[in-house]
Amino acid sequence: MAPGYARSIKVRGTVQGVGFRPFVYRLADEHKISGWVFNGTRGVEIHAEGTPDALDAFAADIRSRHPPAAEVAQIVVEPAAFEGFGSFSIRDSDASGSPTTRISPDLPLCDDCLREMLDPDDRRYRYAYINCTNCGPRYSIIRSLPYDRPRTTMADWPLCDDCRAEYENPADRRYHAQPIACPRCGPDYFLRENGTGSARGAAAIDRAAALLGEGRILTIKGIGGYHLACDARNDSAVLALRERKYRKEKP
Ligand SMILES: [Zn+2]
Ligand SMILES: [Zn+2]
């Protein structure tokens with residue numbers, strides 16, 4: 001094999017849980033780079049092999065085109081030993097060492113997911129836990145680092161075949177989206193009234209909306225934690241919630 005060029009690229013900052021590895025994977029494909037990327041405890045670690053020009057362009061694009069939710073604090077590019085990788089891959093995370101990488105906050109629903117959630121023909125139609133690499137829960141579901149599904153609160157929901165296919169397809173928006181879920185394999189939702197379950201799925205949401213309309217106070221448990229909810233236009237409901245939380249002043 002002809003001698004080749006290799007570089008080690010270390011990316012520090014808020015770079016986990018924001019679609020960084022899939023982004024690097026697609027970029028490597030674009031620049032004909034081989035090697036690997038993985039989440040380490042200090043950030044994203046990359047080994048890149050290719051022509052000097054391709055390696056320069058690859059590193060420059062990591063700087064300039066990274067996912068919008070990522071906050072890159074530092075990129076360190078150093079020469080590395082050429083090993084002759086035939087392709088580029090996303091490797092398992094390295095969980096050794098104490099974590100210093102920053103975690104992304106939970107991200108609001110993106111336009112693509114919103115469109116799917118409102119599309120009656122989409123398999124996630126009206127599915128409340130819809131998410132992708134550009135949106136969804138992060139900080140609130142992470143139990144430990146590096147950020148991977150087995151170390152999140154989603155570990156208890158094994159992926160169905162459809163979600164697995166999306167998760168493993170580099171061209172898919174949900175490639176390596178750790179909280180990926182759908183109505184078939186992900187969490188369901190149900191309503192409990194006075195200690196007993198009264199409705200599931202869409203019926204639970206309709207019933208919850210009706211209860212809010214009546215001035216009731218609801219506790220909504222998501223993937224990452226609890227929210228308290230009441231009708232903000234209903235003074236007696238707001239007062240009751242403040243009384244119960246001992247917070248008279250907070251908006
Ligand atoms: Zn999304
Ligand atoms: Zn699924």
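Indexing begins at 1, ligand by ligand and atom by atom, following the structure's order.
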Q. Ion pair present between Asp231 and Arg233, side-chain N to carboxylate O less than 4.0 angstrom?
A.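 Between Arg233 and Asp231 there is a salt bridge, with a charged N closer than 4.0 Å to a carboxylate O.
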
Q: Could you tell me whether Arg124 and Glu166 make a salt bridge, using a distance below 4.0 angstrom between a side-chain N and a carboxylate O?
A: yes

Q. Quick one: which of Asp122, Leu109, Asp112 gives a side-chain contact (heavy atoms from CB on, under 4.5 Å) with Met117?
A.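 Single side-chain contact (heavy atoms from CB on, under 4.5 Å) partner of Met117 among Asp122, Leu109, Asp112: Leu109.
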
Q | Residue that, paired with Arg21, satisfies side-chain contact (heavy atoms from CB on, under 4.5 Å) out of Asn39, Thr133, Ile46, Val15 | A | Asn39

**Q.** Joint cluster assignment, Met154 & Tyr167, ILVMFWY side-chain distance < 4.5 Å
**A.**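 Result: no, two separate clusters.
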
Q) Do you know how many protein N, O or S atoms are within a distance smaller than 2.8 Å of the Zn ion (ligand 1)? A) 4

Q | Exercise: identify the closest heavy-atom pair between Leu107 and Cys135 | A | CB-CA, 3.8 Å

(Q) I'd like to verify the contacts: list protein N, O or S atoms under a distance of 2.8 Å from the Zn ion (ligand 2). (A) Cys160 SG, Cys163 SG, Cys182 SG, Cys185 SG

**Q.** Ring center gap for Tyr127 and Tyr125 short of 6.0 angstrom
**A.** no

Q: Please report the C-alpha distance between Thr152 and Gln178 in whole Å, then the side-chain angles of each, then the deciding distance to 0.1 Å, and finally whether the side-chain hydrogen bond (donor to acceptor under 3.5 Å, both in side chains) criterion is met.
A: CA-CA 8 Å; Thr152 71; Gln178 306 305 333; over 6 Å; no

Q | ring-ring contact (aromatic ring centres under 6.0 Å, His included) between His176 and Tyr25, worked out | A | CA-CA 11 Å; His176 279 247; Tyr25 181 94; 8.4 Å; no

